[in-house]
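Values in this document were obtained by computation on a predicted structure and should not be read as measured data. Per chain, numbering begins at 1; letters A, B, ... match sequence-line order.
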2 protein chains.
Amino acid sequence: MAKRNVTYQDIARYTGFSKTTISRFFNRPESVTPDHRKQIRDALDVLDYKSNKVARILANGQTEFIGLIVPNLYLGFYAELLNLFLNTYEKYGYKFIVFSGSSHEETERRYISELLSYKVEGLIVLSHTIPSIELASYGIPVVAVEREDRYISSVNTDNYSGAVQATELLYQCRCDICLHINSQDYDPQVPASARITGFTDVCERHGMDCRILPYTLGNSYDDLQTKVETIVEDIIASYPGKRKGIFCSNDTTAGIVLNHILRKYGHLPDEFKIIGFDGSPAARQAVVPISTVAQQTDKLVESAMELLVRQISEYATGASAREADSAGNTENAVNGGDSFSLKPEHRIIPPILMPRGTSRP
Amino acid sequence: MAKRNVTYQDIARYTGFSKTTISRFFNRPESVTPDHRKQIRDALDVLDYKSNKVARILANGQTEFIGLIVPNLYLGFYAELLNLFLNTYEKYGYKFIVFSGSSHEETERRYISELLSYKVEGLIVLSHTIPSIELASYGIPVVAVEREDRYISSVNTDNYSGAVQATELLYQCRCDICLHINSQDYDPQVPASARITGFTDVCERHGMDCRILPYTLGNSYDDLQTKVETIVEDIIASYPGKRKGIFCSNDTTAGIVLNHILRKYGHLPDEFKIIGFDGSPAARQAVVPISTVAQQTDKLVESAMELLVRQISEYATGASAREADSAGNTENAVNGGDSFSLKPEHRIIPPILMPRGTSRP
DNA sequence: TTGTAAGCGTTATCAA
DNA sequence: TTGATAACGCTTACAA
């Protein structure tokens, strides 16, 4: 690291104060006389002091880091969430160390252990790879967003209600059959899988024919496109003459469906009714604006940060309590059972139905 | 930080070795006998040791951090680049502290000083806010991607050649007039502004009528859409009966143009020829696949990382040299002129013209 | 209001 | 092959 860094020591020497005073100047300026403050400020200038948070972390344990794991960024939804998370810096001051998830458990585990070794104060997990029971075991605050969350706190869209609204809209469009295109990799724990139950419940209630069309999740847009277009062809071939309501698990998929149909017919025939999920800008901006169930991403992020920040501070006080607690009997320190375990809190954010051109009754 | 961390000290005590040996076990395992290695491995298990990179950083100065500043993530281009950067973790092991840029200089300056205080080893800058001369002054390796780069290393698409190819295509389409929609906020230093010169040069060469249509950059998709649609209306009103070649500075804009026209006419009239820039998936996936000049994002990122990593290592050796150098005359340490200054290296990546449905001759 | 001194958990430099 | 000991740069009791 180039030459030697200018440290408190240097400032102390230069000003004639002690390191402690310099430290106080930064952390509790009121506790230093105005006059001395000025002397120190000047010294800072002259010596061209640059703060070193690494040393600070080592001394007081506050990294101001949050680890964030997204599954990918080619889905607009995740890009948008990430953007919103990054912007919370202004409000909370946390810096984000970001990993773009792999679907290999082992790889993602390595990400996490990196994050832990950098002493991140909390984790935001959007990726689906590691089960929540394991995430809970790491002993630091974790908030999941739109993923399986049994053992950890989370913020989710009310997927069930979203699916219900979407399917009701298709019902009102007098569809003969309802199709739901979704990834097949969800286990029932994943919140988004409530979109499936919501869908089937409404279909049953109204006695509508319905079918789930699963695709396997790839890791590129192209991949998705190919798979979805095959599905659409299948739909077209299977239900000639019927009015088909197609509920897609996300707007990207809905866009692919819409465009494929437009390309084939030159317009959107009345026999197709489409609705997506997420509320991405792309949906509104499509040639025929795509109906969608909009997730309130801003609220998701806001709640997630609130939850995480609160847990971090509860964790901090809890930790010092435990610390004091175990001062006497260090022989128990090893097998401590001190893994972080506040009761997980789950927040639900309602989505907003946006009926648009692809599904007018 | 919960209880007390298990440290080398504890492992040393448990195994009967010294801290030094434990350290060596991690950093140069060969230098510890296999037998002792096993003992230590066991101790790690029993004590449930978790490594602490913060301490390591303080001791050896290697943070393995790269600071990354993107302008936003709602433009697919940036999201894609970010994703590719994050994925280089597998290859280089660098972790990324990410900031989503503000357009306020002061704010972004705060981001950077945060990054510096965390001792990031290098900076990747996609954001346009801070001029390169200032970035160069921070004294750490910086690589710019597609932004003004006079005083720092950079990787850029060959924008001029891209614009030339795009405009030539419009010429081959026998357009009567060529329009170029671009942000007006570029100063000539920004590499993307070469798209304008490329455009006008080709128009001149072929004696084609042409016009630049600037819009002011907002900070949301909606904003962009409104502005661009106004421009399209203006084009339609201004050049009736003429074949209009529209070269957009990015695919998002091209998509807005296309869709607005499709919505208005129900199809893409032959009098409109459209081509975008970037090569985003959305362009290919549009109803009428949009011609575009594809940036090779993978190569951009690969080159950027190569450059940065090389600079980091040159910087490290240079730094130790300077260190040794100034050992004698510490009185000069203060005003050192030691700001990092290898000659900036600029890499150019050729874009690839993808002629598609929106501009068939 | 200021100073002393003991950490924080590693790595680095010598010796042995 | 291993160990003592001094960094690294900041915070934090505890004293003064």
If only side-chain N and O atoms of A:Ser23 are considered, is one of them under 4.0 Å from the OP1 or OP2 phosphate oxygen of D:dT11?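 True: A:Ser23 side-chain N/O within range (under 4.0 Å) of D:dT11 OP1/OP2.
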Nucleotide-resolved protein contact map, nucleotides 3-9 of chain C, B/S/- at heavy-atom distance under 4.0 Å: BBB-BBB
Atom [atom1] of [X] to atom [atom2] of [N]: distance rounded to whole Å?
X: B:Tyr118; N: D:dG9; atom1: OH; atom2: C1'; result: 15 Å
X: A:Ile22; N: C:dT1; atom1: CD1; atom2: C1'; result: 13 Å
X: B:Asp10; N: C:dT10; atom1: CG; atom2: C1'; result: 13 Å
X: A:Asn27; N: D:dA13; atom1: CG; atom2: P; result: 12 Å
X: B:Lys38; N: D:dT1; atom1: NZ; atom2: P; result: 20 Å
X: B:Gln62; N: D:dC8; atom1: CD; atom2: C1'; result: 13 Å
X: B:Phe25; N: C:dT10; atom1: CZ; atom2: P; result: 13 Å
X: B:Lys119; N: D:dC10; atom1: NZ; atom2: C1'; result: 12 Å

Please answer whether the main-chain N or O of B:Ile130 pairs with a side-chain N or O of B:Arg147 as donor and acceptor at a distance below 3.5 Å.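 Side chain of B:Arg147 to backbone of B:Ile130, a donor-acceptor pair under 3.5 Å: yes, one is there.
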Is the backbone of B:Arg150 close enough, under 3.5 Å, to the side chain of B:Glu148 for a donor and an acceptor to pair up by distance?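 Side chain of B:Glu148 to backbone of B:Arg150: a pair is present.
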Identified side-chain contact (heavy atoms from CB on, under 4.5 Å) partner of A:Ile69 from the options A:Leu126, A:Val98, A:Thr129, A:Ile112: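 Exactly one option meets the side-chain contact (heavy atoms from CB on, under 4.5 Å) with A:Ile69, and it is A:Ile112.
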Considering all heavy atoms, the nearest B:Arg37-B:Phe25 contact: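 Distance-wise, the nearest heavy atoms are O-CE1, 3.6 Å.
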Do A:Tyr8 and A:Phe26 make the cut of ring centroids closer than 6.0 angstrom?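 Between A:Phe26 and A:Tyr8, which both carry aromatic rings, the centre distance is below 6.0 Å.
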Is any side-chain heavy atom of A:Lys119 closer than 4.5 Å to one of B:Asn52?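 SC-SC contact between B:Asn52 and A:Lys119 confirmed.
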